[in-house]
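Working notes, beginning with the structure itself.
In this text the structure is predicted, and so the values were computed from the model without any measurement. The chains referred to below are lettered A, B, ... by the order of the sequence lines, with proteins before strands, and numbering in each begins at 1.
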Amino acid sequence: MEKLILYNTLTRKKELFVPIHKDHVGMYVCGPTVYGHAHLGHARPAITFDLLFRYLLHIGYKVRYVRNITDVGHLVNDEDEGEDKVAKKAKVEELEPMEIVQIYTNSYRKNMSQLNVLPPSIEPVASGHIIEQIEAIKKIIGSGFAYEKNGSVYFDVEAYALKHAYGILSGRKIEDLYTNTRDLDGQSEKKSGLDFALWKSAQPEHIMRWPSPWGSGFPGWHTECTAMSTKYLGETFDIHGGGLDLLFPHHEAEVAQGMACFGHSTVNYWIHNNMITINGQKMGKSLGNFIQLDEFFNGTHPLLEKAYHPMTIRFFILQAHYRSPLDFSNEALQAAEKGFERLMNAMALLPGLKTATESTIDVEKLRNDCYEALNDDLNSSILIATLFDGSRMINAVNDGKATVTALDLTKLQQLFSDMVNDVLGLKSQDSSMNAGGNELFGQMVELLLSLRQEAKMKKDWATSDQIRDRLIALGFEIKDTKEGADWKLKN
RNA sequence: GGUCGGUUGGCCGAGUGGCUAGGCAGCGGUCUGCAAAACCGUGUACGGCGGUUCGAAUCCGCCAUCGACCUCCA
């Protein structure tokens, strides 16, 4: 088994990954709150942990990957008087909250599939685990770290901090938290501004409500992840992932809740992806500067110069290391698009390469470099650079400037298939036929191109150029190769 | 204000105490009837000022600058 090193936010160090159970990995990642379409920011954690999931599978682990859907309990901010995000959206769109949840869950899954993100092993929803959350809250109350007030239950951070370290994950000191939150605290029912809700009493008009020992209400946002992760992965599991923006308070609360429920920590490796920025600022719903994934795919957002294929988005994200911020721009995206094409072009040459009795290229070193990059905290950036080195080798063999043995070629093909398709999850962009999926349409274009070929044979350049230029004017891309002309629709 | 993290060539983006990251663009070339596409070649950059060192962009200090987080029923 490969020696995988991962950066653990908890220790702020790169650590050798050792799972609790040999050959098995349990991984939990915070999924979306489904009250709107997924945007570019959502793609980053999804792709980051998809890469981790894929690599763990590739090196032989059996992985149980749990990614939740938050459909209740995530409150909007102060300005909206703490409405539930889903409930608020439901009001705006005049739909049942569960219709909102369904619409955006479907949309999210569609986008993830377009990005070639593998579905997780289990995708639990918060509203489907109310009983588990109530049980968890009871345990926390039993351990003395929560209190009930007017039908709501709050986590008692002060009481907890007397026995455990509150803030170990996010690196916050509790004294600092006090000075920073005190003035926000009015005549709240909370004992302290640091306390967070485990269960909220519901107002009569609130639709999403469930009975509980403390009255009718709904769970707090942080509770679902503790309840669902430990339900499916056990009281202690290997990996918990999510965006860096969730580090505090969400994940810190999870650490405390887990400790309060079980008396020990529940997560061994905390892994966080960095944010995608737009003009240097975090892209997010709360800032209103986000671009939806669908808008990227069809090019409709005013900030976009053109439509971008899902694989371009995926490649763009994978070209940066997951712990670095990544800045969006049309220029960067188009560079990614070109680079990705270059990689795919080289890969397409592999099956047709001629073999020789000797290799002048070092496939073994290339292979080692790939694994070294992945093992070093999933350095997809280095991996991709290494694959570009491989592309140059492939092109050199294709041009007759280098040679490869049959055995090495098999290894090289395997390596590219493993790294590009399986681990990075990249696949060739659908070509020509995708323009409506109409076979007849494709045949008509082929017909025109064969007429052009005939004209070329007769050196009738006027006709052949006219066919080419008019097709280009209609939005086609025509590429002449040794085997004939290729075409596709420009996007 | 507090905590943490950035600042790399025209753009994106890795990495490192001394050895070419990579991609895109640009430039030059190969191929081609022309073009496009493709392929090949090409750039010695690391915010500023000090310090440590034989040697720093990489370590330390200060400064500048940018960003993330600092929670809900307020």
Closest nucleotide among B:rG13, B:rC69, B:rC34 to the A:F248 side chain = B:rC69
task = Tell me whether the OP1 or OP2 atom of B:rA14 has a side-chain N or O from A:S324 closer than 4.0 Å.
result = yes
key: NZ or CZ of A:R323 within 45° of A:Y7 ring axis and under 6.0 Å   = yes
ask   = What's the CZ-P distance between A:R323 and B:rA14, to the nearest Å?
value = 11 Å
inquiry  = Once salt bridge (charged side-chain N to carboxylate O under 4.0 Å, His left out) is applied, do any residues pair with A:D389, and if so which ones, sequence neighbours excluded?
reply    = A:R392
message = What contact category does A:N379 fall into here, base, sugar-phosphate, or nothing, at under 4.0 angstrom with non-hydrogen atoms?
response = sugar-phosphate
request  = Please list, chain by chain and in numerical order, all residues satisfying side chain to side chain contact (heavy atoms under 4.5 Å, CB included) with A:C370, sequence neighbours excluded.
outcome  = A:L383, A:T386, A:L387, A:L415, A:M419
task = Please check the phosphate of B:rG23 (OP1 and OP2 only) for any side-chain N or O of A:R342 closer than 4.0 Å.
result = yes
key: Any A:R392 side-chain nitrogen or oxygen under 4.0 Å from OP1 or OP2 of B:rG23   = yes
request  = Kindly state whether the pair A:F388 / B:rG23 counts as stacked, where counting means centroids closer than 5.5 Å and planes tilted less than 30° apart.
outcome  = no
message = Can you see whether A:Y308 has A:K306 sitting over its ring - NZ or CZ less than 6.0 Å from the centre and within 45° of the normal?
response = yes
ask   = Do the numbers put A:K191 on top of the ring of A:Y147, so that NZ or CZ is under 6.0 Å from the six-membered ring centre and no more than 45° off the axis?
value = yes
request  = Tell me what A:A320 touches on the nucleic acid: a base, only sugar-phosphate, or nothing, going by heavy atoms under 4.0 Å.
outcome  = sugar-phosphate
query = Can you find a donor-acceptor pair, distance only, under 3.5 Å between A:D480 side chain and B:rA35 base?
reply = yes
ask   = Nearest-Å distance, CG (A:L333) to P (B:rG23)?
value = 18 Å
key: For atom CD of A:Q334 and atom C1' of B:rC12, their distance in whole Å   = 12 Å
ask   = Between B:rA36 and A:R452, is there an OP1 or OP2 to side-chain N/O distance shorter than 4.0 Å?
value = no
ask   = Phosphate oxygens OP1/OP2 of B:rC12: is one of them under 4.0 Å from a side-chain N or O of A:K338?
value = no
inquiry  = Applying salt bridge (charged side-chain N to carboxylate O under 4.0 Å, His left out), can you list everything that pairs with A:R367, at least two apart in sequence or on another chain?
reply    = none
ask   = Which side-chain hydrogen bond (donor to acceptor under 3.5 Å, both in side chains) pairs, counting each pair once, include a residue from residues 39-51 of chain A, with sequence neighbours left out?
value = A:D50-A:R54, A:D50-A:R314
remark   = Rounded to whole Å, CG of A:L343 lies from P of B:rG23 at a distance of 11 Å
query = Contact class for A:D469 vs. all strands (heavy atom < 4.0 Å): base, sugar-phosphate, or nothing?
reply = nothing
query = Given the rule that a pair is Watson-Crick or G-U wobble with both distances under 3.5 Å, how would you write RNA chain B in dot-bracket, using | for pairs to a different strand?
reply = (((((((..(((.....[...))).(((((.......)))))....(((((..]....))))))))))))....
request  = Give one of base, sugar-phosphate or nothing for A:S381, where a contact means two heavy atoms less than 4.0 Å apart.
outcome  = base
key: Side-chain-base donor-acceptor pair under 3.5 Å for A:D389 and B:rG22   = no
request  = Please state whether the phosphate of B:rC40, meaning OP1 or OP2, lies under 4.0 angstrom from any side-chain nitrogen or oxygen of A:N395.
outcome  = yes
Atom pair distance, as rounded to whole Å: NZ in A:K456 and C1' in B:rC34 = 10 Å
ask   = To the side chain of A:A335, which of B:rA68, B:rC24, B:rU71 is closest?
value = B:rC24
key: Between B:rG15 (P) and A:Q319 (CD): distance, integer Å   = 14 Å
task = Measure the distance from CG on A:N273 to P on B:rG67 and round it to the nearest whole Å.
result = 20 Å
task = Specify the separation, in whole Å, of atom NE2 of A:H250 and atom C1' of B:rC70.
result = 17 Å
note = With sequence neighbours left out, the residues meeting salt bridge (charged side-chain N to carboxylate O under 4.0 Å, His left out) with A:R470 are none
